[in-house]
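Step one of this worksheet: look at the structure below.
Each ligand, and each atom within it, is numbered from 1 in the order the structure gives. All residue numbers in this chain count up from 1 along the given sequence. Treat the numbers as computed from the prediction; the structure is a model and nothing was measured.
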Amino acid sequence: MYSEEEIKKAAKDIINSEKIVVLTGAGISTESGIPDFRGKDGLWTKYDPEDFTYSRFLQNPAKYWEMSVELAEFLLTAEPMPNPAHLALARLEELGKLKCIVTQNVDGLHQAAGNTDVIEFHGNLRRVVCIACGEHFPHELALEKAINGELPPLCDNCKGVLKPDAVLFEEPIPRHALERALQEARDCDLMLVIGTSAVVYPAAELPRIAKERDSYRASLFGFSSQSRVLDYTKGAKVIEINAEPTPLTGIVSDYLIEGKAGEILPKIVKEVEALLGY
Ligand code: OAD
């Protein structure tokens, strides 16, 4: 459980930083009613992640669509709302203390909360893409087809198979998202890592890249190979906000504030506002 001292410390670190990048995972959306993957009632306790690989999709897209109807129906019909954690990050941007968000989530809730620079590392479930012609459509269209028994749903233009525009296991990260996220991780001086188990790569590499920032830069400027020896005291600060420790805790992250993001983030942002004189 977190302490008030940790909240104050995080607020001070935010005030003292200029380029703040946030990495989020499914844990930031659980308080909006969307299940995470590896938490207590996570999706991988019900489904086999092996069924969500790209090769499995290509073998049997109809089966994939049957399974995804449950989650997609929830996302599209229950219309989950941004929770206090999403809203706090939007406020941080308004205060000029958040440069961008890299999210592994496919729910669009950061944008709904008002953040304007959101890098969707794993795509977005609200779009589908035709794997034959590359055309994008709203997810509702494909879902309606699937619910009406068109399994798998097909592209209206070329009759190719439609696939949610969210990244499946084995699929590459969308190139523009990968390139920008790497750049932002190298450039930031503070990374907030929120609601992620930090076990899925390459997203889990981003905090490490932020931490290794200065040794990486040194090598770019042609210093001796010794300058690549890691000095974690020189890189960006990394703060985790998560319900439980992760593989980053105590190794890559400077500290973990343990608890619910929807409680912790509004408190931190309130403290930041106070320090800024609001
Ligand atoms: P995970 O489900 O792996 O991790 C979510 C983390 O958030 C866990 O450590 C939870 O304990 C924590 N958590 C849950 N609720 C929380 C709350 N209210 N406040 C703070 N922490 C909370 O989700 P991700 O790390 O996002 O990939 O998973 C990464 C990727 O694995 C996903 O993007 C998805 C999945 O397979 C693809 O679909 C490609």
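The protein heavy-atom contact nearest to atom 13 (N) of ligand 1 is Gly27 CA, 3.6 Å. Nearest protein heavy-atom contact of atom 30 (C) of ligand 1 is Val200 CG2, 3.7 Å. Nearest to atom 12 (C) of ligand 1 among the protein's heavy atoms is Asn242 OD1, 3.5 Å. In terms of protein heavy atoms, atom 18 (N) of ligand 1 is closest to Glu31 OE2, 2.7 Å.
Side chain of Asn83 to main chain of Ile28: a donor-acceptor pair is present (N/O by atom type, distance under 3.5 Å, no hydrogens or angles).
Residue contacts with ligand 1 include Phe169, since one or more of its heavy atoms lies under 4.0 Å from the ligand. Within the structure, the closest approach of Gly262 to ligand 1 does not fall below 4.0 Å when heavy atoms are considered. Proximity of Ala85 to ligand 1 is not established, as no heavy-atom distance is less than 4.0 Å. At least one heavy atom of Val167 sits under 4.0 Å from some atom of ligand 1.
In this comparison of Gly259, Pro164, Ala203, Ala166, the heavy atom closest to atom 20 (C) of ligand 1 sits on Gly259. In this structure, of Ser32, Ser29, Ala243, the residue bringing a heavy atom nearest to atom 22 (C) of ligand 1 is Ala243.
Ring-plane geometry between Phe169 and Trp44 is classed as tilted, the angle between the planes lying from 30 to 60 degrees on a 0 to 90 degree scale. By the 30° and 60° cut-offs, the orientation of the rings of His86 relative to His110 is perpendicular. In this structure, His139 and Trp65 have tilted ring planes: the angle between them lies in the 30° to 60° band. Taking the six-membered ring for Trp and thresholds of 30 and 60 degrees, Tyr64 and Phe57 have ring planes more than 60 degrees apart, a perpendicular arrangement.
At a heavy-atom distance under 4.0 Å, no atom of Phe52 approaches ligand 1. Both the backbone and the side chain of Arg38 come within 4.0 Å of ligand 1, counting heavy atoms alone. Under 4.0 angstrom from ligand 1, the non-hydrogen atoms of Asp36 come from both its backbone and its side chain. At a heavy-atom cutoff of 4.0 Å, ligand 1 is contacted by the side chain of His122 but not by its backbone. Contacts with ligand 1 closer than 4.0 Å are made by heavy atoms of both the backbone and the side chain of Thr196.
Proximity of Leu92 to Leu192: side-chain heavy atoms (C-beta onward) are separated by under 4.5 Å at one or more points.
The side chain to side chain contact (heavy atoms under 4.5 Å, CB included) test with Tyr2 is passed by exactly one of Lys260, Glu258, Glu263: Glu263.
Between Glu212 and Arg208 there is no salt bridge, since none of the side-chain N atoms of the basic residue sits less than 4.0 Å from a carboxylate O of the acidic one.
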